[in-house]
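The block underneath contains the structure these notes are about, expressed in structure tokens.
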Amino acid sequence: MTDDNTGQDRSTATVHAAPDHLRDEVQEAEELRLPDHLQIEDEDADSRIAAKLVAQGVRINKKGLIAPAVFWPSIILIGLIAILAIVFQDTTGAVLTATQSWIVNNLGWYYMLVIGGFVFFSIGIGISKFGKIRLGDDGEEPEFGLLSWFAMLFAAGMGIGLVFYGVGEPLTYATTTPKPGWPTDGVEQQHLAMAQTFIHWGLHPWSIYAVIGLALAYAIHRRGRPVSIRWALEPLLGDRVRGWAGDLIDILAVFGTVFGIATSLGLGVQQISSGLQEIGIVDTVDNTFLIILITGITFLATLSVVSGVGAGIKWLSNINLSVAGLLLIAVLMLGPTLFLFENFIESLGVYLANFFNLTFDAGAFTGAEGAEWNSAWTLFYWGWWISWAPFVGVFIARISRGRTVREFIAGVLVVPSLVGFFWFSVLGGTGIHQELFGSGGLVDPEEGVVAEKALFDVLSGLPMGAIMSVLAIILVTVFFITSSDSGSLVVDMLASGGHPNPPLWSRILFCVLEGAIAIGLLLAGGLEALQAASLATALPFSVVLILIALATVRAFRKEDARQVAIKRIIESKQMSEYLTDEFDDVLGDKVDHRVDNRIDYRLSATKNLFTRRDDRGQSDVARRAGEASPQQPGGR
């Protein structure tokens with residue numbers, strides 16, 4: 001037996017010997033933990049993992065390694081929607097548009113409130129007393145070093161959206177389409193343009209990921225549960241997560257993730273086609289060409305799936321980060337470098353100064369114009385990030401073993417946010433500088449700023465612009481492949497009851513379905529349909545995220561009570577042992593000093609013949625005091 005196990009056994013024995021009220025507090029928190037023999041280990045074979053999942057109450061098909069109650073409803077729903085979107089394009093577009101309009105007009109305030117709530121929840125739980133709780137066993141060291149962990153968080157924070165909107169979003173706000181209600185006097189509008197972009201890509205999306213990632217990391221690494229969204233709600237729902245309620249939660253997660261990935265894929269092929277036009281490979285782009293692009297890149301993503309997550313995603317992710325870093329540094333060095341650094345600092349200050357206003361701006365006084373703007377930008381982003389939450393949450397949970405809650409919150413909120421701020425300051429700042437102080441030409445007189453073309457227009461105005469345009473196309477393509485590959489893995493794990501090695505055939509199936517959904521949404525209305533689908537699918541999962549936050553607080557309260565109780569038990573045990581061994585040396589003189597052994601010679605205490613009593617009338621206390629008195633000199 002190891003020293004750690006010996007110490008754990010002693011601690012357990014100490015807890016069992018503790019007072020009832022302290023022991024109950026410890027055992028109440030321990031009920032959420034799995035016994036060691038049921039926890040999934042890295043070296044477990046697939047059959048053993050399946051047996052452990054069944055023992056935990058997961059309803060899994062041992063032959064196919066899928067959870068039928070999650071897998072089949074998800075596949076049928078997603079496949080049916082893809083077919084309907086491709087066959088009935090106009091009808092699908094009309095339904096999505098109507099759904100989006102209803103949500104924007106009636107529930108826009110709800111999205112603003114919920115996302116703002118997630119920001120304050122994440123920060124609050126990080127600085128609270130719960131911050132010391134470890135996402136793993138007590139005393140366990142982090143699985144990855146700090147720099148490696150930051151690099152992986154950075155990788156999670158990068159995506160097609162950063163490339164697609166890197167130039168177009170801040171340039172749009174600063175020139176053609178400022179947010180209704182903003183002053184349009186130039187400098188202040190441009191400052192607010194960068195601050196609004198920071199709102200969309202900083203603490204707000206990452207607080208969503210922190211909510212679900214923290215709950216999953218606690219469930220996986222602390223309690224030993226499988227990688228499945230339902231277990232994040234176990235502290236709130238109890239055994240009901242093993243039944244239809246848990247199945248519904250995982251179906252919503254699968255559904256939202258597939259549509260979130262499909263949205264990213266749809267944006268990606270639009271930008272790839274614009275880049276190919278920019279460098280002269282194609283002359284015109286239509287839906288047929290976009291479908292060919294989606295099909296070809298989905299095929300590449302499927303090859304990555306077949307190669308395995310280790311050889312596929314890891315290899316592509318390394319390329320991803322290298323190309324993104326190279327593009328960022330090239331634009332920074334070849335563009336207006338001094339202006340870009342000044343822009344970053346000023347934008348950060350405006351962002352902090354207007355944080356609360358921008359967070360809760362629901363457009364109450366800007367009418368239909370404000371609702372339309374929010375629908376196209378802020379509400380679309382909130383829906384998109386919520387759709388992505390299961391995917392990113394699972395990823396950051398898996399890489400955060402051994403971190404404390406405070407480390408997790410700080411790392412997840414701060415590092416990716418700063419990376420995103422600097423990315424937009426460099427790419428967006430370069431676009432704003434070129435349009436306002438340079439050659440211009442980025443704003444179309446009729447269409448305004450076209451987001452998928454803006455990046456390539458900016459790059460063409462820099463030295464080696466053609467080479468950087470090729471890098472940007474490669475970057476978007478690799479993002480496409482890694483998003484589809486890793487997203488298919490996460491979705492398949494959810495549809496397999498949390499099995500870490502889901503069957504290859506089902507991963508390929510989900511990868512193909514993501515491409516099919518992207519095709520259907522593009523045919524049904526292009527960017528507007530993509531935005532509407534993200535907003536609609538995010539609505540039910542936003543409720544799940546709220547419940548996850550409540551479940552996390554409940555679990556952490558029990559965990560904190562457990563730690564406090566164990567500390568009190570150990571301190572009480574140590575004090576008891578100490579007093580037992582060292583009583584005479586520490587307290588003996590003090591106790592003896594307080595025992596009055598003097599003879600009472602007061603007049604009032606003198607007895608006569610009738611009040612005198614012998615030893616037989618003495619009280620027990622007096623008799624014990626007399627027996628404890630030291631023998632006087634000359635006594636018998």
Side-chain angles (χ1 to χ4, degrees), residues 147 150-151 153-175 187 190-191 193-195 197-198 201-202 271-272 274-276 278-280 316-351 414-443 449 451-479:
L147 292 179
F150 283 162
L153 290 174
F154 171 79
M158 298 295 292
I160 289 175
L162 284 179
V163 185
F164 188 90
Y165 288 108
V167 173
E169 182 175 349
L171 181 61
T172 298
Y173 302 159
T175 55
V187 175
Q190 289 133 28
H191 279 159
M194 293 303 305
T197 305
F198 286 5
W201 294 87
Q271 190 159 45
I272 291 172
S274 295
L276 294 176
E278 181 68 28
I279 61 179
L316 290 172
S317 295
N318 291 336
I319 295 177
N320 219 15
L321 291 176
S322 300
V323 174
L326 182 61
L327 180 64
L328 181 66
I329 293 173
V331 174
L332 179 64
M333 294 294 102
L334 298 175
T337 306
L338 179 60
F339 171 82
L340 297 180
F341 280 114
E342 292 173 342
N343 179 48
F344 173 64
I345 298 301
E346 284 188 19
S347 301
L348 192 60
V350 177
Y351 165 74
V414 175
V415 174
S417 295
L418 288 178
V419 170
F421 292 166
F422 193 65
W423 177 275
F424 280 99
S425 296
V426 172
L427 271 70
T430 302
I432 292 174
H433 185 274
Q434 181 175 325
E435 180 63 27
L436 299 182
F437 310 114
S439 58
L442 300 180
V443 180
V449 178
E452 58 266 31
K453 293 175 55 180
L455 173 63
F456 299 105
D457 290 339
V458 166
L459 295 179
S460 65
L462 299 176
M464 299 186 296
I467 296 176
M468 287 192 288
S469 294
V470 172
L471 285 178
I473 294 173
I474 295 173
L475 182 62
V476 175
T477 304
V478 175
F479 274 137

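Please read all numbers here as calculations on a predicted model, not as lab measurements.
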Seminar exercise, completed: Residue set satisfying ring pair (Phe, Tyr, Trp, His ring centres under 6.0 Å) with Y173, at least two apart, ordered chain then number -> W373, W377

Could you give the side-chain donor-acceptor pairs of residues 325-335 under 3.5 Å, partners two or more places apart or in another chain?
none

Seminar exercise, completed: In short, L427 meets V167 closest at the heavy-atom pair O-CG2, 3.5 Å

Seminar exercise, completed: Note: S274 and K453 closest approach over all heavy atoms is OG-CG, 3.7 Å

For this session: Could you tell me which non-hydrogen atom of L348 sits nearest to which non-hydrogen atom of F198, and how far apart they are?
Result: N-CE2, 3.8 Å

Exercise. Got L459 and E278 here, is their nearest side-chain heavy-atom distance under 4.5 Å?
Worked result: no

For this session: Taking the side chain as every heavy atom from C-beta outward, state whether F341 and I345 have any atom pair closer than 4.5 Å.
Result: no

What side-chain donor-acceptor pairs closer than 3.5 Å can you find for residues 460-474, not counting sequence neighbours?
unit_1	atom_1	unit_2	atom_2	d
S460	OG	F456	O	3.3
S460	OG	D457	O	2.7
S469	OG	G465	O	2.9

For this session: Mind checking ring pair (Phe, Tyr, Trp, His ring centres under 6.0 Å) for F339 and listing every partner two or more places apart, or none if nothing turns up?
Result: H433

Exercise. Hey, what do you get for OH (Y165) to CG (L455), rounding to the nearest 0.5 Å?
Worked result: 13.5 Å

For this session: Can you run down the side-chain hydrogen bond (donor to acceptor under 3.5 Å, both in side chains) pairs that involve residues 341-351, sequence neighbours left out, and say none if there aren't any?
Result: H191-E346, N343-S347

For this session: Enter the distance from F164:CZ to I272:CD1 here, rounded to the nearest 0.5 Å.
Result: 11.0 Å

Exercise. Any sub-3.5 Å donor-acceptor pair from Q434's side-chain atoms to L442's backbone N or O?
Worked result: no

For this session: Evaluate the side-chain proximity of L340 to F344: yes if any heavy-atom separation is below 4.5 Å, no if none is.
Result: no

Problem set entry | side-chain contact (heavy atoms from CB on, under 4.5 Å) partners for S417, two or more places apart | L203, W206, F421

Exercise. Is any side-chain heavy atom of T430 less than 4.5 Å from a side-chain heavy atom of P336?
Worked result: yes

Exercise. Can you name the nearest heavy-atom pair linking A174 to A193, along with the distance?
Worked result: N-CB, 3.6 Å

Problem set entry | Sub-4.5 Å side-chain heavy-atom contact between L162 and F424 | yes

